[in-house]
Number of protein chains: 2
Amino acid sequence: MIEVLPQFNSTFSIDCILFGFDEGELKVLLIERNEEPFKDWWALPGNLVSENESLDQSASRILHELTGIENVYMEQFYTFGDVGRHPQGRIISVAYYAMLRLGGDKALKPISNYAKQAYWINVKELPKLAFDHQKIFDQGLEKIKRRIKHQPIAFELLPEKFTLTQLQNVYEVILGKKLDKRNFRKKMLSFNVLKDLNEKQKGVSFRAATLYRFDKRKYGKLFGKEISF
Amino acid sequence: MIEVLPQFNSTFSIDCILFGFDEGELKVLLIERNEEPFKDWWALPGNLVSENESLDQSASRILHELTGIENVYMEQFYTFGDVGRHPQGRIISVAYYAMLRLGGDKALKPISNYAKQAYWINVKELPKLAFDHQKIFDQGLEKIKRRIKHQPIAFELLPEKFTLTQLQNVYEVILGKKLDKRNFRKKMLSFNVLKDLNEKQKGVSFRAATLYRFDKRKYGKLFGKEISF
DNA sequence: AATATACCGTGTATATATTACACTAAGTAA
DNA sequence: TTACTTAGTGTAATATATACACGGTATATT
């Protein structure tokens, strides 16, 4: 640990990867920067950590300032500290990710002054990113790929009520491969974390599917269980 | 990312969890602090990150200064940044762990001035630790428990030549449970990462066991494979 | 009303992986 | 020679994972 008082000024920031799922595509929230350095470049949303907040609090604050969204669980996944990663000095960035429900009320709040605008971008069509954000993004995407295999985080991307086909789509898009419908359903239902709502989709052409809800009470039992798709 | 220049002075440190395996016990390297704050307390070895080094470089340097050991792979696992974690100001700590071969030439180099001495302590007999180091340690131990199930990091704790029984002991100590000998050997050998050296243990009472070596060339194939013990 | 469309929802057989379980072989020490 | 201690081995039962195809049903169209 720290043995002497700080010998040089340094600062840390938070960068957030916000994943969303919309129209069958995995998306990420990017901002278009309005300040130097990297003015006019695309970047992950982020900000400096304030003196009086923990890293987790800071991540939540930044998410809230950008999107108006609260009470979302964000997970820290890696800290980036290469010497030259920021042109203005020694700034270390702690990276977080979160998975959000899009749709309906998800319109983004006006962004604070440092960004022109924020957009949800398909992860397969990313523009060139500022700083080392491409590296941060790649590592975050790898992280959720691994995590989705072990924990049911895919629900966080869907509306509260969803069909099994929608859930399968999320897995397929994140894992980048097709899954067998019967095997997927068999396995997913075997975990007993889905509650059948005895309710059908509305407003769809063609036959409506059954809606399910994620059952939080049963979630604990699943934790740590090995899932493979 | 960072939008404005740093608004307050802050600093980051590295804390290292160095695991070792000796006499059938999992051990961790602790130092006895020689400076305030927490003078005379036990702590994880750590230090401030210098201006001209990356986090990974800093972790390697700190390990080298403490133990004389070089070329060990250290892995970052979490960053701790609660507001009150350090009594002297806002210091965020990036935590790393490494697994070391003890035995023979592993004597520790004289420790730099900030510590009285460093000792290998059985993880089951930890003293009270300075700062939030108990929390850091707990999280690091959890990390290697999960990781040992997926990747063959247990080898790093053993001498270059080892027996299957020694390897099984490492797994048992880290996982905290007994494993079946036949199933363990069957599975471990099935990964094809062990090279049979056609050589026996020396200097043991009773029957000597076959020595194996970890085969790095074959390691890649195993990566990501699900292992369960 | 009849028909076409497109998605929903289901089962079985095979292969693979995991678990449970106990004795003989080999080397050392006295 | 005997007693002791650890090494080293196989099989059967169970559980999990994979591969694979078609009839059912609500909607849209004519």
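Naming: A, B, ... by sequence-line order, numbering from 1 per chain. Owing to the predicted nature of the structure, the values given are computational and were not obtained by experimental measurement.
Under the side-chain contact (heavy atoms from CB on, under 4.5 Å) criterion, A:Ala98 pairs with A:Leu18, A:Val72, A:Met74, A:Leu100, sequence neighbours left out. Applying the salt bridge (charged side-chain N to carboxylate O under 4.0 Å, His left out) test to A:Lys161 and every residue at least two apart in sequence or in another chain returns A:Glu199. Annotation: salt bridge (charged side-chain N to carboxylate O under 4.0 Å, His left out) contacts of A:Lys181 (sequence neighbours excluded): none. Applying the salt bridge (charged side-chain N to carboxylate O under 4.0 Å, His left out) test to B:Lys135 and every residue at least two apart in sequence or in another chain returns B:Asp82. Under the salt bridge (charged side-chain N to carboxylate O under 4.0 Å, His left out) criterion, A:Arg207 pairs with no residue, sequence neighbours left out.
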Check against side-chain contact (heavy atoms from CB on, under 4.5 Å), A:Phe155 and A:Leu194:
CA-CA 10 Å; A:Phe155 304 110; A:Leu194 295 187; 3.2 Å; yes

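Look at NZ on B:Lys200: it is 9 Å from C1' on C:dA26, rounded to the nearest Å. Remark: P of D:dT18 and NZ of A:Lys178 are 17 Å apart, rounded to the nearest angstrom. Rounded to whole angstrom, the span from the CZ atom of A:Phe184 across to the C1' atom of D:dA19 amounts to 17 Å. To the nearest angstrom, C1' of D:dG8 lies 15 Å from CG of B:Asn198. Taking atom CZ on B:Phe191 and atom C1' on C:dA17, their separation rounds to 11 Å, with Å as the unit. Remark: P of C:dA17 and NZ of B:Lys187 are 9 Å apart, rounded to the nearest angstrom. B:Arg185 places its CZ atom 12 Å from the P atom of D:dG10, with the value rounded to the nearest Å. Protein atom NZ of B:Lys186 is 10 Å distant from nucleotide atom P of C:dT19, rounded to whole Å.
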Contact list (N/O, under 3.5 angstrom) for nucleotides 23-26 of chain D vs protein:
from	atom 1	to	atom 2	distance (Å)
D:dG24	N2	A:Arg207	NH1	2.7
D:dG24	N3	A:Arg207	NH1	3.1

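An OP1 or OP2 oxygen of C:dG27 is reached within less than 4.0 angstrom by no side-chain nitrogen or oxygen of B:Ser205.
When the nearest nucleotides of DNA chain C are assigned to B:Arg182 and A:Ala209 by heavy-atom distance, the more 5′-ward of the two goes with A:Ala209.
Residue A:Thr210 is classed as a sugar-phosphate contact, given heavy-atom separations below 4.0 Å to backbone atoms only. Counting any heavy atom pair closer than 4.0 Å across all strands shown, B:Thr165 reaches sugar-phosphate atoms only and no base atom. At the heavy-atom level, B:Lys181 lies under 4.0 Å from base atoms of the strands shown.
With C:dG11, C:dA20, C:dG9 as the choices, the nucleotide that has an atom nearest any side-chain atom of B:Asn183 turns out to be C:dA20.
Nearest heavy atoms, A:Phe77 versus A:Ile136: CZ-O, 3.7 Å.
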